[in-house]
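Structure, as structure tokens:
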Amino acid sequence: MEGLVLPILIFALVCLALAIKLGGIAACQQWWATLRIRRLLQLELPRSHYTIMQNVWLTGHKELLNIDYLVVSVYGIFVIKQVSGSGLISGKPGDARWLRSTGRKQHYFPNPLFECLGEVKALRSLLGVDASLLNFMLVFAGNVKFNTPMPVNVTR
């Protein structure tokens, strides 16, 4: 076993160097954020009352939809969407696009609330349940700050 430590360490360093060179740092950050969110859900929600599913695919009206986390309980069904990245987020719930500012860079991205609503509608249509049983939450994973007030179901 001791003879494997050095080759494994070298392999890990080579993988890290390749990730940096190929721009995989963002992918590593997203993977880490996904791991943290899943771990928090598992720690905070007892298995006796909640079933946590990750990476659920549904057929929407026009395309396939991916639900990052689906939490099913006697209290309702919760759709959780994860948005990775960092920076200052600006946008109102009804805006088609939001702005992410990181230093001198700024870029617009589609309002993730609309995607969440699409996932909830597809799930409601598929299951045939009352809308009051479905809730959604948008989680920004990373070092983000909100420039505008966000709804209560949007968090960091």
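All values reported here derive from a predicted model rather than from experimental measurement.
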Side chain to side chain contact (heavy atoms under 4.5 Å, CB included) with L123: of L65, V56, L70, only one passes, and it is L70

From L88 CG over to Q106 CD, what is the distance, rounded to the nearest 0.5 angstrom? 9.0 Å

Would R156 and F140 count as a cation-pi pair here, with the cationic atom under 6.0 angstrom from the ring centre and within 45° of the axis? no

Report the distance from atom CE of M137 to atom CD of Q82, rounding to the nearest 0.5 Å. 12.5 Å

Between atom CG of L127 and atom CG of L133, what is the distance when rounded to the nearest 0.5 Å? 10.0 Å

On the six-membered ring of F109, is R100 placed so that its NZ or CZ lies under 6.0 angstrom from the centre and within 45° of the ring axis? yes

I need the Q54 CD to N66 CG distance, nearest 0.5 Å. 9.5 Å

Can a donor-acceptor pair be found, under 3.5 Å and without considering hydrogens, that links the side chain of T148 to the backbone of G91? yes

Quick one: does V144's side chain get under 4.5 Å of V83's, heavy atoms only? no

Any chance you could measure M150, atom CE, to L138, atom CG, to the nearest 0.5 Å? 8.5 Å

Would you call the rings of Y75 and Y50 parallel, tilted or perpendicular, where under 30° means parallel and over 60° means perpendicular? tilted

Can you give me the closest heavy-atom contact between N111 and D95, atom names plus distance? ND2-O, 2.7 Å

